[in-house]
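Note sheet for the following structure.
Just so it is clear: chains get the letters A, B, ... in the order the sequence lines come, proteins before strands, and each one is counted from 1. Since the model is a prediction, treat every value here as computed from it, not as a measurement.
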Number of protein chains: 2
Amino acid sequence: MATESMSLLGLEKTSLRQQALAALRRAITTGEIAPGTHLVETELSETLQISRGTLREAMRQLQQEGLISAGPRGRLSVRHLDAKEICDIFAVRAALESLAARELCALEDRAQVIKELRRALEEMDRASKDGLEERIEADLNFHRTLCGLTGNETLLHSWGSLEGNIRMSIMFAGFERAAQNMSVKRHGEIVDAIETGDAAKASEAITEHMDGAAKVLVG
Amino acid sequence: MATESMSLLGLEKTSLRQQALAALRRAITTGEIAPGTHLVETELSETLQISRGTLREAMRQLQQEGLISAGPRGRLSVRHLDAKEICDIFAVRAALESLAARELCALEDRAQVIKELRRALEEMDRASKDGLEERIEADLNFHRTLCGLTGNETLLHSWGSLEGNIRMSIMFAGFERAAQNMSVKRHGEIVDAIETGDAAKASEAITEHMDGAAKVLVG
DNA sequence: AACATGGCAACTGTCAACAGTCTTGCTTCC
DNA sequence: GGAAGCAAGACTGTTGACAGTTGCCATGTT
């Protein structure tokens, strides 16, 4: 029933659970489903055309990511972020990315790393002419790349767990406002610092960048 | 069927899923289930006396925590840690706890915080005469408290997601070896630094502590 | 009108069964 | 004797149904 037309091209055959997970994550982080909304399993399973069991598995993952939280009677609802929580999220994010920058600075051969980072920068530059959503994607991609290039899987995993919350923060504050802090210049400084191997400077640049981002988002 | 004798006292009525989650987490982090072991749903569900559906939900959470990883065909197996991964885990841990220390230093009134931390220290001291496992629990409790006292839920959540990996690292390296790095003195220095509000020193103390811990575990 | 009460509807927790796929070992044919 | 094919087994993906609990609403009582 679920093995028909897909995978005609390189389309990885994705399980229904993963599809549901992606769909829900998107719907939540874009605000399509408003914060605080009570997620009723029976409704959602009908909407997504999947069974409750499969849906519940996806919900557990979202819960672990902090996008939805459990109420009294096992009731799950979309997490609501206030200003303080956004600051908290960005503080943790800063700590993680600062670690990433320091680890990259400690590498012997940073040539390849720098190359990848500059590629991500170019992508941001290209996206700066496009819509807000493209810019946000490019920005997140840059930071994800930063963490991924360290080769520290735990770091990348932790950052990934935070990504949903970051997206919610951006959505909560409004995309226009969020875009203020995504200048290619600021990010270039980070790359420059890493290129010269100046760990302190790179760490500082990131911390400041995140501080600024949080301040802009909170208003 | 599951609503019999429990909750006679303050025993929170825990869902089967949560029980299974706790049982599995314990079994994995103590090495009862060896790293690399392929977790067969049908077997486990029979062992734990729960249905596969319920078990699968618990497995998703463990997967998100990084205790089990997915293989080719959706096969789940207990994660195997090598030396590098242990170092990586402790690097992330250091970044998180360092943030915690800095946030605590930034508080106006640290009296209550210090009181709680000293209480955790005392507990460690008391446990130092007990078995290795008690000492490890007391140690983890201290660090968890450190993160919890910041009031930064995201930080605490991230640390919690790492806790399983930390336990696996300790188990992997052997409890005796791990216990070397749990002196009350070292932890006291951290608390002292926080008491004086010296963020740099507190951060430094934690980073060094974690560095030492990783080195002891690996080498 | 305020209040107790009995029953109904809404949800979540849990389970057993079906379907599809990959592996494996055996059989059969050249 | 070896290789292609075939059939059985082992697991995971997914589903629909049943059970228990909570909250609400209508109904009757004082």
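Per the geometry, CG belonging to Leu55(A) stands 13 Å off P belonging to dG16(D), to the nearest Å. In this structure, the CG atom of Leu48(A) is 11 Å from the P atom of dT15(D), given to the nearest Å. Between the NE2 atom of His38(B) and the C1' atom of dT23(C) there is a distance of 13 Å, rounded to whole Å. The distance from atom CZ of Arg52(A) to atom P of dT14(C) is 11 Å, rounded to the nearest whole Å. Per the geometry, CD1 belonging to Ile50(B) stands 11 Å off P belonging to dA16(C), to the nearest Å. Distance Glu57(A) CD to dG13(D) P: 8 Å, rounded to the nearest Å. Taking atom CZ of Arg56(A) as the reference point, atom C1' of dG13(D) lies 17 Å away to the nearest angstrom.
For residues 157-166 of chain B, the pairs satisfying salt bridge (charged side-chain N to carboxylate O under 4.0 Å, His left out) are Arg144(B)-Glu163(B), Glu163(B)-Arg167(B), with sequence neighbours left out. Applying the salt bridge (charged side-chain N to carboxylate O under 4.0 Å, His left out) test to every pair with at least one member in residues 172-182 of chain A, sequence neighbours left out, gives no pairs at all. Pairs passing the ring pair (Phe, Tyr, Trp, His ring centres under 6.0 Å) check and including a residue from residues 121-143 of chain A, sequence neighbours excluded, read Phe142(A)-His187(A), His143(A)-His187(A), His143(A)-His209(A). Within the structure, salt bridge (charged side-chain N to carboxylate O under 4.0 Å, His left out) pairs that include any residue of residues 17-44 of chain B comprise Arg17(B)-Glu57(B), Arg25(B)-Glu65(B), Arg26(B)-Glu32(B), Glu41(B)-Arg52(B), Glu41(B)-Arg56(B) (at least two apart or interchain).
The side chain of Ser51(A) contributes an N or O atom lying less than 4.0 Å from OP1 or OP2 of dT15(D).
Looking only at distances, no side-chain donor or acceptor of Arg135(B) sits under 3.5 Å from a matching main-chain atom of Met124(B).
For Lys84(B), the salt bridge (Lys or Arg N to Asp or Glu O under 4.0 Å) partners at least two apart in sequence or on another chain are Asp88(B).
Sorted by residue number, the members of residues 69-76 of chain B with any non-hydrogen atom under 4.0 Å from DNA chain D read Arg73(B), Gly74(B), Arg75(B).
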